[in-house]
Amino acid sequence: MTLAPYDDAAAGLLSCTIAGRIIRANRMLVRWVQHDTSLTGAALHDLLTPASLLFFEIQLRPLLALGRTVDGAFVTLQCRDGQQLPVLLNAVQPAGGDEVHMAMLLVREREEYEASLRQAQHAAEQALVIMAASARAQKMQAVGQMAAGIAHEFNNLLTVVRGNIDFAQQEVRSAMLEATSIGDDLDAALLATDKATDIVQHLLAFTGRQVVTRANVFLNDVVTSASHLFVHAFGRDVSWQTRLEPELWPITASADQMQHVVTNLVLNASDAVRQSGRAGIVMVSTENVGDWMMPSGRTADGVRLVVTDDGTGMTPDVSAQAIDPFFSTKGIGNGTGLGLSMVYGAVSALGGSLVIDSAPGAGTRVMVTLPRAG
Amino acid sequence: MPDSAPAAAALTRNNVRVSGRGTQPMLFAHGFGCDQAMWRFVAPAFEETHRVVRLDYIGSGSSDISAYDHSRYGTLDGYASDILEVCAALDLSDVVFVGHSVSAMIGMLAAIREPQRFARLVLVGPSPCYLNHPPAYSGGFNEDDLRGLLDMMEKNYTGWAGALAPVIVANADRPELSQELEASFCATDPVIAGHFARAMFLSDHRVDVPRVTTPSLIMQCAHDAIAPASVGQWLAQHLPNSTYHALQATGHCPHLTHPAETIEVLRRYLAAPPGAPVVATAA
Ligand SMILES: Nc1ncnc2c1ncn2[C@@H]1O[C@H](COP(=O)(O)OP(=O)(O)OP(=O)(O)O)[C@@H](O)[C@H]1O
Ligand SMILES: [Mg+2]
C-alpha cells in the first residue's frame, strides 16, 4: 500500500524493530538512499555509515530504551552509490512497543555551515584562553612593578637617611672641637623617614585605585624641600646648585609625585658624578617656556625643570634604554632601573615631556617640561 | 590504599549510590555515553541478595566534574583508579563487578591491579580493542570508522543541533521514569566525553587480558554492532577463568533492552562455581 502524504513527505520516514529490521520506509527515504524499490526487510545498519551506526548504538539506543526521545541528532546515511547524506534524526520508541519510529531531514548545507561555526567557536575559545593568559601576565607585571616601585622609592629615601646618619657620626666624632649641625642631620633623616611613610600611603592609595589628588604646585617649592632631603646625602665630592626662576608658573600635579621626580633625577645625577671619580656638580634649574611644543604637537605655556650634572654621561646605547623599566647599569642591589621609568610615567600622565641629552664624559642634562596650570 | 580524605572524595566525585540488603557488594559500572541510570532495570533485582553499588564516571550523570583531570583520564587506567578508590572508600571486598561496554575493560584493569578486592567480573558487551588488527584480530572497526565516530560525537555535542541536549528531554509518554533520573540521565560533559571516547576507542588492551585472574563472565549479545561476536570469542580464548555466554538479546545494551534475560544469566552465573558454564535459559 502507498499513502501519498506518507510516501511523498518532505522527510525520510522509517519504522524498524528494536533489533534494527526495517518494517517500512517512505518513498522519499528510499529515493535518498537509492534503493531500487523498498527497504522493507533490510537492516537499519545498512543505511548508516559505520560512524553513524556506532553513534546510534552507543549514544542513541540507550536513550530510546530508557523511553527518551531523540530530537535532532546528527547522523549520516549511506547511499547505494557510496554517497553520504547528512541528516537530522528524530526517533522515538513508544512505551511497551518493540518498534522504533524515525523521521529524518536532509541537512546538506547545514553541515558545512556547522563546520564553520565549530571552527569559529574553537578559534574564539582559543582567543579567550590567550586573552586570559595575557591579562594575567599584565596583572602580574603591574603588581611586580608596584612592588619594585615601593622598593625603589624606599631605596632612595634610605640613601638619604643613611647619608645623614653618616654625617651625624662624623660630626659626633668632632663634636668636642666645634659646634656641629648634628641636629640638622638628624632632622633630615627624620624627614626622610616621614617621606617614606608618605610614599607608602601614596602607593597604597594608588593600589586602591584612588585618584591622585592634583593641585597647583610650584616646582621651586618642590626643589627646595627636596634639597633639604638629600643635600647631605651627596657626599663631599658632589656639590649642589640651584637656579630657580622666581616668577615660575604653577603646574597642576601631585606635590608628592613631583618630589619623586626631582629626587630620582637628582640622585641619578649625583650617582653619575660620584661614578666619574672626580668632584662635580649637580645643578637644578627651573624656567618658564612660552612657546613649548607639547607632545601632542600644539604649542602652549610650559614649566621646565632641568637637572644637569657633569658626571659620566651616557653612551647613545645607554641613553636609548635609560627610560625602560628595570634597565640599570648600577648592578644588582644598587639600582632597580625604575627611577627614570617612574619619572617618565608621571610626566607623561600630566601631558608633559622628558628629554635626555647626554654624551660619555660630557655629563647629562635631563629636561622635564609640564603644562602650565590653567 | 589511599588515605581517607581522597577516599571520601571519590564517593562524591563518582556520585556513588549504595542500596540493598545483602552483604556481598555488587558494583555496577555504566558504559560510555550514559550513567548509572542504565542499570535501573537490572540492579534492583539484586538488592535483596547483595549490597548494590552504582556510580557515575567523571563527566557523566551527577559526577563532580570539578575533579576532572585531563591527563589522568586520558587512558582507561584513570577510570580504573576511580573504581579502586571507590572500593577503598567503601572498604569493599569480595566484589562482583558488573561492567557494561567500556566498563568491562575498566573492571579488568582494576582487577589486575587489586585482585584481592574482586570475586567475579561480569563483562557485558566487552571489547579489549575496537580496531581491526588483521588477520589475527577483528575488533569490528577500522581507524576511519572510529575517527568518524569521534567526529560525529563532536558534531552532536557541540553543533547547532546540540543534539545531546534535546536528547535528554523527558518523554512525556513515560511519566513512570523517576524525576531524579530525569535530571541526571546521560548528562554528559561534551569535552570529557570526547576525551573518554578517545581513551576507549583508540586504545588496545589485548595484552592486559591474560593478566586478569579474577573469574569472569563474558556476556555476548547477538548482532552487537559495537562488540561483535568475534571479539567475545577472542576474549573467551584469552581471558583466564572466563565463562562465555551468548545472549539471545540483540544489540549492545541487553540490560536495557532485555533486562529479564540479563538478570537471569547473572543470577545463574553467580550461583554456579566460578568457571562453570551458564546453563542456557528460555528467554
Ligand atoms: N644623570 C645620569 N648620568 C648618567 N647615566 C644616567 C643618568 N641618569 C640615568 N642614567 C642611566 O640610566 C639608567 C637608568 O636610570 P634609572 O634611574 O631608571 O635607574 P637606576 O638609577 O639605575 O636605578 P634606580 O632605580 O635606583 O634609580 C641608569 O642605570 C644609568 O645607567
Ligand atoms: Mg635612578
Side-chain angles (χ1 to χ4, degrees), chain A residues 17-21 43-46 48-76 78 84 86-98 100 105 107 110-122 125, chain B residues 30-34 37-38 40-41 100-102 130 140-142 144-156 158-174 176-177 181-182 185-186 188 193 197 200-201 222-226 249-253 255-257:
Chain A
T17 66
I18 51 173
R21 186 71 38 201
L44 175 66
H45 296 173
D46 298 333
L48 296 173
T49 61
S52 300
L53 172 60
L54 267 170
F55 181 71
F56 184 82
E57 289 297 333
I58 204 161
Q59 191 79 83
L60 304 184
R61 170 85 72 191
L63 296 167
L64 291 170
L66 275 162
R68 304 301 156 121
T69 55
V70 166
D71 296 337
F74 177 86
V75 293
T76 311
Q78 181 69 63
Q84 301 189 345
V87 296
L88 276 190
L89 170 71
N90 279 21
V92 63
Q93 182 179 332
D98 57 357
V100 178
L105 293 176
V107 286
R110 288 305 285 254
E111 207 203 346
E112 276 167 41
Y113 173 60
E114 268 284 279
S116 71
L117 277 187
R118 265 196 310 279
Q119 209 164 26
Q121 187 189 347
H122 282 314
E125 278 167 1
Chain B
H30 65 85
F32 177 83
C34 212
M38 248 195 166
R40 62 194 307 266
F41 302 134
H100 172 234
S101 194
V102 66
Y130 295 88
F141 301 93
N142 59 44
D144 282 352
D145 298 337
L146 296 182
R147 298 266 170 214
L149 169 67
L150 297 175
D151 185 48
M152 178 128 309
M153 280 181 358
E154 182 176 11
K155 282 176 180 157
N156 275 283
T158 61
W160 65 273
L164 266 293
V167 154
I168 64 172
V169 170
N171 185 345
D173 296 342
R174 297 284 292 269
E176 73 274 16
L177 295 175
L181 290 176
E182 308 270 336
F185 180 63
C186 288
T188 301
M200 169 181 178
F201 286 110
H223 309 297
D224 186 341
I226 310 293
T250 54
H252 185 57
C253 301
H255 49 313
L256 285 175
T257 55

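Chain identifiers are assigned alphabetically (A, B, ...) following the order of the sequence lines, protein sequences preceding nucleic acid strands; residue numbering begins at 1 within each chain.
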CE on B:M152 to CG on A:L48, rounded to 0.5 Å: 9.0 Å
B:C34 versus A:P62, closest heavy-atom pair with distance: SG-CB, 4.3 Å
Between CD1 on residue A:I18 and SG on residue B:C253, distance to nearest 0.5 Å: 11.5 Å
Student check: side-chain heavy atoms of B:L146 and A:L54 closer than 4.5 Å: yes
Heavy-atom check, side chain of B:T250 versus side chain of A:R21, under 4.5 Å: no
Separation of B:L149 CG from A:E57 CD (nearest 0.5 Å): 11.5 Å
Distance in Å, B:D151 CG paired with A:F74 CZ, rounded so as to fall on 0.5 Å steps: 8.0 Å
Intermediate values then yes/no, side chain to side chain contact (heavy atoms under 4.5 Å, CB included), B:T257 and A:Q93: CA-CA 11 Å; B:T257 55; A:Q93 182 179 332; 5.9 Å; no
Spacing of B:I226 atom CD1 and A:F56 atom CZ [to the nearest 0.5 Å]: 11.0 Å
Residue part contacting chain A, namely of B:Y130, when any heavy atom lies under 4.5 Å: neither
Smallest separation among heavy atoms of A:A51 and B:D145, with atom names: CB-O, 3.7 Å
Part of A:T49 within contact of chain B (heavy atom distance under 4.5 Å): neither
